[in-house]
Amino acid sequence: MGDSSQMLANIFEQPSVAERCLAMDLPMPPLPDVDRVIFSACGTSRHAGMVGRSWWQTLLQIPAHLEDAADGYPVQVPPKSLIYLLSQSGQTRDVIDVAQRFPTAPKWGITNGSKTRLHELASYTLQTHAGEEKAVAATKTFLGQLLLLLRVALAWHDRANRNVPQTIVLQSKIAQIPQQIQTTLNQTEVACQQVAQKLVAADRLILLGSGINTAIALEGALKLKETVYLHAEGLSSGDFMHGPIAIIESGFPVITIAIPGSATYDKTITEAKRVKSYGAYLIGITTESAVYDADLFDAVLPITDIDELLSPLLTVIPLQLVAYYMAKNRGLAIDAPRNLTKFIG
Ligand code: BG6
């Protein structure tokens, strides 16, 4: 690494954050009598909530929704709903407002702090134990949020005897996650440096994901806005076809996340080919053994092979690294971007 940046250090701490999150005691309270979960959060934590929503829908087959706490949502909470509040700091005003607006609804929380306002307002709050995150842009705390959401989903599945076959298979795979994160860091860093160099003069970027990885396209775009001040937009690859694709012209940089084995893989590749045919400079985030046409991607940011449902834990890593190296190449204040302040829980 050879760099004193907190952000880079935080990114490289993620294998040990994952080990801690998987090893920590997870005292599960009695399950609330609910038939839906409403995730509410802001910024990076909202993107963790998007992944959580997918996990509740697929691993637990429980209806799940995501609301933007900063935009005044949810406006209503139907009976038998659990509000799941995510906040790195546990102090974000918009998130605390949601908790206070619905005093009688059951509320759970995840935060990186130990004694936060969120602890006071939610009945069951887990701490990510990611360690203090000094860089303003969240990286390791995002991973911690994802891992605790995953562990809670798996524990809920067992406690409620839901017996979802896909979830049972996934249970046996989570112990490998810290090593997979380490391997991905090792595999992808040089490619991220090269892409950051290639994009040295870029003033815009589109990031595409599909299914559970649409959240990661949004999170990648947020990292680039926060640290590089780049006009970056994250969308679902499918939705990008419905109008936004008109923006593509020769050399327009696009990063697409395509994970083999997912229900959306073939469609995503077809969409990527279309984007490429209009002249995009196309960068793929995909697994090391993925098979695709040799001329599809102009550059590849590899991650290690992983089940699609777990892949957000890895696909975010190259995006964190590209943001970091682009900010570094531009001589920006990576750990303390302009216009932003960070609460630490
Ligand atoms: C914003 C920060 O103000 O708050 C984001 O710029 C952050 O980086 C968001 O993700 C939410 O913060 P928290 O502490 O509630 O997760």
Side-chain angles (χ1 to χ4, degrees), residues 17-41 45 47-67 74 76-86 98-99 102 104-111 118-119 121-129 143-181 211-215 259 261-264 305-314:
V17 170
E19 268 169 22
R20 287 200 293 278
C21 289
L22 293 179
M24 68 182 251
D25 200 25
L26 192 79
M28 278 292 280
L31 293 182
D33 177 25
V34 294
D35 54 23
R36 97 190 67 213
V37 175
I38 300 171
F39 293 92
S40 187
S45 297
H47 301 147
M50 263 179 102
V51 176
R53 175 180 63 183
S54 295
W55 282 334
W56 257 253
Q57 289 169 344
T58 54
L59 300 178
L60 292 168
Q61 298 181 347
I62 291 177
H65 310 268
L66 174 72
E67 301 281 19
Q76 277 187 338
V77 171
K80 297 191 84 173
S81 303
L82 172 69
I83 305 178
Y84 215 139
L85 298 161
L86 310 175
V98 172
F102 301 101
T104 57
K107 288 176 282 295
W108 286 7
I110 294 178
T111 178
L118 191 54
H119 283 86
L121 294 165
S123 62
Y124 173 53
T125 303
L126 287 171
Q127 187 186 359
T128 49
H129 291 288
L143 182 84
Q145 289 171 331
L146 292 187
L147 282 163
L148 292 192
L149 283 169
L150 179 63
R151 287 200 62 199
V152 171
L154 296 177
W156 185 318
H157 170 272
D158 291 353
R159 177 76 70 89
N161 293 317
R162 293 194 79 84
N163 289 320
V164 179
Q166 199 177 6
T167 310
I168 294 164
V169 171
L170 214 71
Q171 300 266 21
S172 62
K173 298 186 177 174
I174 65 165
Q176 300 164 29
I177 290 169
Q179 186 54 52
Q180 288 173 314
I181 293 171
I212 198 165
N213 275 301
T214 297
I259 303 301
S262 65
T264 53
D305 292 337
I306 191 161
D307 191 291
E308 184 218 3
L309 277 174
L310 298 178
S311 65
L313 300 162
L314 302 187

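Computation of the quantities below employed the complete heavy-atom set of this structure, encompassing side-chain atoms and omitting hydrogens, waters and symmetry-equivalent molecules.
- Using a 4.5 Å heavy-atom threshold, the side chains of I259 and I212 count as separate.
- Taking CG of L150 as the reference point, atom CG of L309 lies at 9.0 Å (rounded to 0.5 Å).
- Between V164 and L60 there is no side-chain heavy-atom pair separated by less than 4.5 Å.
- Remark: E67 CD to F39 CZ distance equals 12.0 Å, nearest 0.5 Å.
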Requested in this report: For the pair W55 and L154, evaluate side-chain contact (heavy atoms from CB on, under 4.5 Å) and give the outcome as yes or no after the intermediate values.
Outcome: CA-CA 9 Å; W55 282 334; L154 296 177; over 6 Å; no
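- Scanning all heavy atoms of the two residues, the minimum distance from E308 to A263 falls at OE1-N, 4.4 Å.
- Residue P79 comes nearest to R36 through the heavy atom pair O-NH2, 4.3 Å, listed as atom of the first residue, atom of the second, then distance.
- Between V34 and P106 the shortest heavy-atom distance is CG1-CG, 4.2 Å.
- Contact annotation: the side chain of M28 approaches that of Y124 to within less than 4.5 Å [non-hydrogen atoms, C-beta and beyond].
- Considering OG1 of T125 and CG of L148, their distance stands at 11.5 Å, rounded to 0.5 Å.
- Note on residues 144-167: pairs passing side chain to side chain donor-acceptor pair (under 3.5 Å), not counting sequence neighbours, are S45-Q145, D158-Q171.
- Here the closest non-hydrogen pair linking I181 and A18 is CD1-CB, 3.7 Å.
- H47 NE2 to L66 CG: the interatomic distance, rounded to the nearest 0.5 Å, is 8.5 Å.
- Put simply, the side chain of K107 gets close to the backbone of A105: a donor and an acceptor are under 3.5 Å apart.
- Atom-to-atom distance recorded for L147:CG and C21:SG is 5.0 Å, nearest 0.5 angstrom.
- Here the closest heavy-atom approach between residue D35 and residue P63 is recorded as O-CD, 3.5 Å.
- Within the 4.5 Å cutoff, the side chain of V51 has no heavy atoms near those of the L149 side chain.
- With a 4.5 Å cut-off on side-chain heavy atoms, K173 and L310 count as touching.
- Residues forming a side-chain contact (heavy atoms from CB on, under 4.5 Å) with Q57 (at least two apart in sequence, or on another chain): R53, A64.
- Shown here are the side chain to side chain donor-acceptor pair (under 3.5 Å) partners of S40, two or more places apart in sequence or in another chain: there are none.
- Under a 3.5 Å cut-off, the side chain of S81 and the backbone N or O of V77 do not form any donor-acceptor pair.
- For the pair L126/W108, no side-chain contact is recorded, criterion being any heavy-atom separation below 4.5 Å from C-beta on.
- Residues P312 and N213 meet the side-chain proximity criterion, which asks for heavy atoms closer than 4.5 Å.
- When the side-chain contact (heavy atoms from CB on, under 4.5 Å) test is applied to E19, the partners found at least two apart in sequence or on another chain are P178.
- By the side-chain contact (heavy atoms from CB on, under 4.5 Å) test, P165 pairs with no residue at all, sequence neighbours left out.
- Between W56 and V152, the closest side-chain pair of non-hydrogen atoms falls below 4.5 Å.
- Between L22 atom CG and Q176 atom CD the span is 11.0 Å, to the nearest 0.5 Å.
- Not counting sequence neighbours, the partners of Q179 by the side-chain contact (heavy atoms from CB on, under 4.5 Å) test are Q182, T183.
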